[in-house]
There are 2 protein chains.
Amino acid sequence: MTHQRKLLVAIIQAADGHLDALSLWQRAQEQDPTLNKVTVYRTLGLLKRYGLVDELDLMHLEGGKHYYEAKAQRDHIHLACTHCGRIQEFESLLFEKLKGQIERDRRFRIQVVRVEAGGLCEQCQSSVTSGR
Amino acid sequence: MTHQRKLLVAIIQAADGHLDALSLWQRAQEQDPTLNKVTVYRTLGLLKRYGLVDELDLMHLEGGKHYYEAKAQRDHIHLACTHCGRIQEFESLLFEKLKGQIERDRRFRIQVVRVEAGGLCEQCQSSVTSGR
DNA sequence: TTACGTGCAAAAAATTTGCAGTTTC
DNA sequence: GAAACTGCAAATTTTTTGCACGTAA
């Protein structure tokens, strides 16, 4: 446990979620300007392998980068608005059931699941249809 | 409708799915060696915007590239085995219900959904536990 | 013909690797 | 003290952009 890792983990935990590697690095630099971007990538890889963070794409609304968030108690779905870019999270019992179904029907032992939807959020539906 | 686009679309349709940009380009080159990789990216972008292909990550089992497949009648889930790399597809009524729930509960108009799970397929569970 | 698409070259963005030196336990 | 981790520099991989020319409708 190096102080670099402690710092990165603390930032990820504290963040409301959805940090990409670059933002994580920038925030880390405020505390430790010597911390290298490579260390960010290596640490993220590690946390991912240990299942401590989830990697997201958020439908690649802007470029091909990845987003990271601390693994929550309960899995949730990400809804990305293709119009305003807002990301909402959604928990659902049906989602839990779906995971159960996959594990049973296919005898597939799930380690990580990712559900992402792209579409129009409530606000943007009205603004798009009204031409606003 | 240029002949380059026709060719690329034909390859995507014919493929069993899960082509990355590079493979698509390589296959296209067999038919038309002058077809440029840039055209592949531009065409994929277009097809994606029109909702004719889905973009997948397949849990980034190998690098950060993206995979593409022709949009099917019915959405399906991708299961990626972290041990052998095999990809299975899974259709489920529960998944359809989950989409309905999202649209109703959040009044979110879904344009694309992606469900990907990483874990161990049936075969790999036994080989891993037995040390094979 | 005219708007749109393509190839080429080059750039940008995102991520990975090799290696030597430095920490952590 | 040994194994693991870091920074630096450089390389890879994946994708995007500018621009002049070519092509489909």
Side-chain angles (χ1 to χ4, degrees), chain A residues 1-12 18-50 52-69 80 82 85 114 116 118, chain B residues 1-12 15 18-50 52-69 80 82 85 112 114 116 118:
Chain A
M1 238 323 158
T2 61
H3 77 93
Q4 288 94 331
R5 285 194 188 166
K6 277 183 199 146
L7 174 55
L8 291 172
V9 169
I11 294 172
I12 295 171
H18 314 157
L19 281 172
D20 61 42
L22 189 64
S23 318
L24 175 55
W25 178 61
Q26 286 165 343
R27 294 202 193 181
Q29 285 229 311
E30 293 167 14
Q31 313 264 86
D32 174 359
T34 72
L35 195 150
N36 197 280
K37 214 187 293 189
V38 175
T39 301
V40 171
Y41 280 107
R42 287 199 271 231
T43 303
L44 283 173
L46 195 80
L47 295 173
K48 213 177 2 166
R49 273 200 304 289
Y50 282 92
L52 300 173
V53 302
D54 277 331
E55 186 180 54
L56 309 168
D57 278 24
L58 303 181
M59 300 316 279
H60 292 303
L61 258 39
E62 36 176 347
K65 65 186 153 201
H66 295 119
Y67 299 86
Y68 301 88
E69 66 178 16
T82 51
R114 197 156 94 186
E116 301 187 354
Chain B
M1 236 323 159
T2 61
H3 76 92
Q4 288 93 331
R5 284 193 189 167
K6 278 182 200 146
L7 175 55
L8 291 172
V9 169
I11 294 172
I12 295 170
H18 315 157
L19 280 173
D20 62 43
L22 188 63
S23 317
L24 175 55
W25 179 61
Q26 286 165 341
R27 295 203 192 181
Q29 285 230 311
E30 293 167 14
Q31 313 264 77
D32 175 357
T34 72
L35 195 150
N36 198 281
K37 214 186 293 190
V38 175
T39 301
V40 172
Y41 280 107
R42 288 198 270 231
T43 303
L44 283 174
L46 195 79
L47 295 173
K48 212 177 6 167
R49 276 200 303 288
Y50 281 91
L52 300 174
V53 302
D54 277 331
E55 186 180 54
L56 310 168
D57 279 23
L58 302 182
M59 302 314 282
H60 292 304
L61 258 38
E62 37 175 345
K65 65 187 154 200
H66 295 120
Y67 299 86
Y68 301 88
E69 67 178 16
T82 51
V112 263
R114 195 157 94 188
E116 301 187 354

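These numbers come from the heavy atoms of this one structure, side chains and all, not from hydrogens, waters or symmetry mates. By convention in this document, chain letters (A, B, ...) are assigned in the order of the sequence lines, proteins followed by strands, and residues within each chain are numbered from 1.
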Problem - From CD (B:Gln4) to CZ (B:Arg42), nearest 0.5 Å - result: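 Rounded to the nearest 0.5 Å, the CD-CZ separation comes to 10.5 Å.
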Hey, is the side chain of [X] poking within less than 4.0 Å of OP1 or OP2 on [N], counting only N and O atoms?
| X | N | value |
| --- | --- | --- |
| B:Tyr41 | D:dT15 | yes |
| A:Thr39 | D:dG7 | yes |
| A:Asn36 | D:dC8 | yes |
| B:His66 | D:dT14 | no |
| B:Gln4 | C:dG7 | yes |
| A:Thr2 | C:dT23 | no |

Original post:
What nucleic acid atoms does B:His3 come within less than 4.0 Å of, heavy atoms only: base, sugar-phosphate, or nothing?
Top reply: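 Contact class for B:His3: none.
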Practice task
Indicate, with a heavy-atom threshold strictly under 4.0 Å, whether A:Leu35 touches base, sugar-phosphate, or nothing.
Solution key: sugar-phosphate
What is the distance, to the nearest angstrom, from the [atom1] atom on [X] to the [atom2] atom on [N]?
| X | N | atom1 | atom2 | value |
| --- | --- | --- | --- | --- |
| B:Asp32 | C:dT6 | CG | P | 11 Å |
| B:Leu46 | D:dT15 | CG | C1' | 16 Å |
| B:Lys65 | D:dT12 | NZ | C1' | 13 Å |
| A:Asp57 | C:dA14 | CG | P | 12 Å |
| A:Leu7 | C:dT24 | CG | P | 13 Å |
| B:Met1 | D:dA24 | CE | P | 13 Å |
| B:Arg42 | D:dT17 | CZ | P | 10 Å |
| A:Glu62 | D:dT14 | CD | P | 21 Å |

Exercise for review: Could you tell me whether B:Arg114 and A:Asp57 make a salt bridge, using a distance below 4.0 angstrom between a side-chain N and a carboxylate O?
Suggested key: yes
Test item: B:Leu8 and B:Leu44 side chains (from C-beta on) under 4.5 Å apart, heavy atoms: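 Counting from C-beta outward, B:Leu8 and B:Leu44 never come under 4.5 Å.
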Original post:
Heavy atoms, side chains only, cut-off 4.5 Å: are A:Leu22 and A:Lys65 in contact?
Top reply: no
Nearest-nucleotide comparison on DNA chain D, the residue closer to the 5′ end among B:Val38 and B:Lys6: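 Result: B:Val38.
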Practice problem: Could you say whether B:Lys37 or B:Gly64 is positioned toward the 5' end of DNA chain C, judged by the nucleotide with the nearest heavy atom to each? | Solution: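 It is B:Lys37 whose nearest nucleotide is closer to the 5' end.
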- prompt: Just checking, any donor-acceptor pair under 3.5 angstrom between side chains of B:Asp20 and B:Ser23?
  reply: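 Yes, B:Ser23 and B:Asp20 have a side-chain donor paired with an acceptor closer than 3.5 Å.
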B:Arg5 has its side chain closest, among C:dT6, C:dT15, D:dT15, to C:dT6
